[in-house]
Peer 1: 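Just dropping this structure here.
Everything quoted here is computed from the prediction, not taken from an experiment.
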Amino acid sequence: MYFDWNVYSYQYEDRIRNLSNQAQGIVKSNKFFPVFLEGEREIIFKPLSKTKPLSTPYFAYSEV
């Protein structure tokens with residue numbers, strides 16, 4: 001597995017599609033993961049939660 005720690009900027013409007021998933025549990029919620037095209041690779045993002053605006057990307061990695 002390779003981690004690229006460089007910072008890249010993506011515009012949400014430029015996504016090629018969204019992956020969607022419904023959270024399981026007592027409270028059901030839909031989650032959307034935007035997919036961007038970088039060269040020939042698809043990059044999938046896990047957006048930071050709106051209820052945790054001060055969370056960091058490291059925290060986002062641990063939630064996935």
Side-chain angles (χ1 to χ4, degrees):
M1 180 178 281
Y2 171 76
F3 289 98
D4 181 359
W5 299 106
N6 294 314
V7 176
Y8 298 93
S9 178
Y10 294 92
Q11 296 297 321
Y12 183 75
E13 297 81 25
D14 295 336
R15 71 193 183 285
I16 57 173
R17 63 188 165 101
N18 277 334
L19 293 177
S20 61
N21 188 17
Q22 186 177 55
Q24 302 298 315
I26 296 172
V27 177
K28 304 266 190 254
S29 65
N30 292 322
K31 295 186 177 188
F32 298 98
F33 300 84
V35 180
F36 296 90
L37 195 59
E38 181 70 37
E40 296 182 10
R41 298 182 331 165
E42 289 186 346
I43 308 289
I44 302 171
F45 282 87
K46 195 282 185 190
L48 296 176
S49 172
K50 292 180 182 178
T51 60
K52 300 173 190 148
L54 301 178
S55 59
T56 66
Y58 294 109
F59 181 79
Y61 295 142
S62 68
E63 278 195 331
V64 172

Peer 1: Check side-chain hydrogen bond (donor to acceptor under 3.5 Å, both in side chains) between Glu40 and all other residues, then give those that pass, not counting sequence neighbours.
Peer 2: none
Peer 1: Hey, would you say the Phe45 and Phe36 ring centroids sit under 6.0 Å apart?
Peer 2: yes
Peer 1: Tell me, please, which residues at least two apart from Tyr12 pass ring-ring contact (aromatic ring centres under 6.0 Å, His included).
Peer 2: none
Peer 1: Going by the angle between their ring planes, with limits at 30° and 60°, are Tyr8 and Tyr10 parallel, tilted or perpendicular?
Peer 2: tilted
Peer 1: Tell me, with the steps shown, if Leu19 and Ile44 meet side chain to side chain contact (heavy atoms under 4.5 Å, CB included).
Peer 2: CA-CA 8 Å; Leu19 293 177; Ile44 302 171; 3.6 Å; yes
Peer 1: Looking at residues at least two apart in the chain, or sitting in another chain, which of them share a salt bridge (Lys or Arg N to Asp or Glu O under 4.0 Å) with Arg17?
Peer 2: Glu42
Peer 1: Please tell me if the side chains of Glu38 and Ile43 come closer than 4.5 Å, counting only heavy atoms from C-beta onward.
Peer 2: yes
